[in-house]
Amino acid sequence: MTLFRLDASIFPDQSVSRELADIVEAEWTAAHPDEQVIRRHVGTSPLPSTAWADAVVGQQVPQDARTPAQQAAVELATTLADELIAADTFLFAVPLYNYGVSQHVKTWFDILYTDPRMNEGGPELRGRPALLVTVSGGNYGPGSPKEGWDHSTSWLQRILVDVFGLDLTIVERRFTLVGVNPALDQFKDMADAMRVEALRAAEVEGRKLAESDARKAA
Ligand SMILES: Cc1cc2nc3c(=O)[nH]c(=O)nc-3n(C[C@H](O)[C@H](O)[C@H](O)COP(=O)(O)O)c2cc1C
């Protein structure tokens with residue numbers, strides 16, 4: 001069994017998404033102590049944004065006609081696709097930045113999606129279990145003033161579920177900037193409850209993810 005983990009926080013040392021994903025990973029590792037975790041941290045080790053166009057164009061010309069940059073980009077896409085195909089289970093820890101995913105996450109997906117295996121919808125990935133940890137400084141829940149402004153979670157769901165066919169569970173924590181941004185002080189009780197619920201959900205859903213893998217391995 002292999003777990004693929006993607007992190008995207010640009011402040012990993014004080015990251016809520018990392019904290020929650022660490023809980024999920026700990027549950028998985030407890031059930032699979034000697035098994036592999038493939039990691040990619042696009043927040044601290046971003047992929048080159050120019051690689052996307054090079055990979056798109058590079059895929060359209062014969063290998064011996066590619067520029068060195070195009071060849072490197074095609075190879076990078078192959079590596080990213082290999083990482084996903086090698087995994088049985090997936091963990092994505094992605095904060096909301098500027099009402100969407102960061103350029104780092106979009107670049108990862110854009111390069112990955114130039115690989116012909118992914119471009120066909122990643123048939124190898126269909127039905128595999130995945131957990132998305134999504135966090136945001138504000139609250140975008142039903143009835144909130146900015147309901148519908150979180151274009152990260154909805155986009156990730158579209159890609160992970162509808163494009164790649166993953167069996168996705170989401171653990172979310174909103175209002176992470178309560179206690180940091182004084183304008184949000186009135187929401188302290190709500191934010192505290194959301195924090196407790198997110199920590200509980202990470203543990204419960206992490207254990208379920210690990211147990212479903214353990215059943216498959218048996
Ligand atoms: C550059 C930047 C942009 C952000 N944009 C948003 C945003 O549009 N909406 C929001 O609710 N929070 C936003 N936040 C807050 C983050 O979502 C929040 O701090 C989250 O906890 C970050 O994830 P992390 O704790 O895993 O690092 C932003 C934070 C940064 C640094």
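Indexing begins at 1, ligand by ligand and atom by atom, following the structure's order. Keep in mind that this is a model prediction, so the values were computed, not measured. We use all heavy atoms of the structure for the numbers below, so side chains are in, but hydrogens, waters and symmetry mates are not.
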Any salt bridge linking [X] with [Y]? Criterion: basic side-chain nitrogen under 4.0 Å from a carboxylate oxygen.
X      : Y      : value
Glu25  : Arg39  : yes
Arg117 : Glu124 : no
Lys208 : Glu205 : yes

| task | For ligand 1, would you mind listing the residues that have at least one heavy atom less than 4.0 Å away, ordered by chain and number? | result | Ser9, Phe11, Ser15, Val16, Ser17, Pro95, Leu96, Tyr97, Asn98, Tyr99, Val135, Ser136, Gly137, Gly138, Tyr140, Thr176, Leu177
| field | Trp52-Leu84 co-clustered via ILVMFWY side chain contacts under 4.5 Å | value | yes
| field | Pairs flagged by side-chain hydrogen bond (donor to acceptor under 3.5 Å, both in side chains) wherever residues 84-99 is involved - sequence neighbours left out | value | Thr89-Asp213, Tyr99-Lys146
| Given Leu166, Leu168, Val171, Thr169, the one that forms side chain to side chain contact (heavy atoms under 4.5 Å, CB included) with Leu132 | Leu168
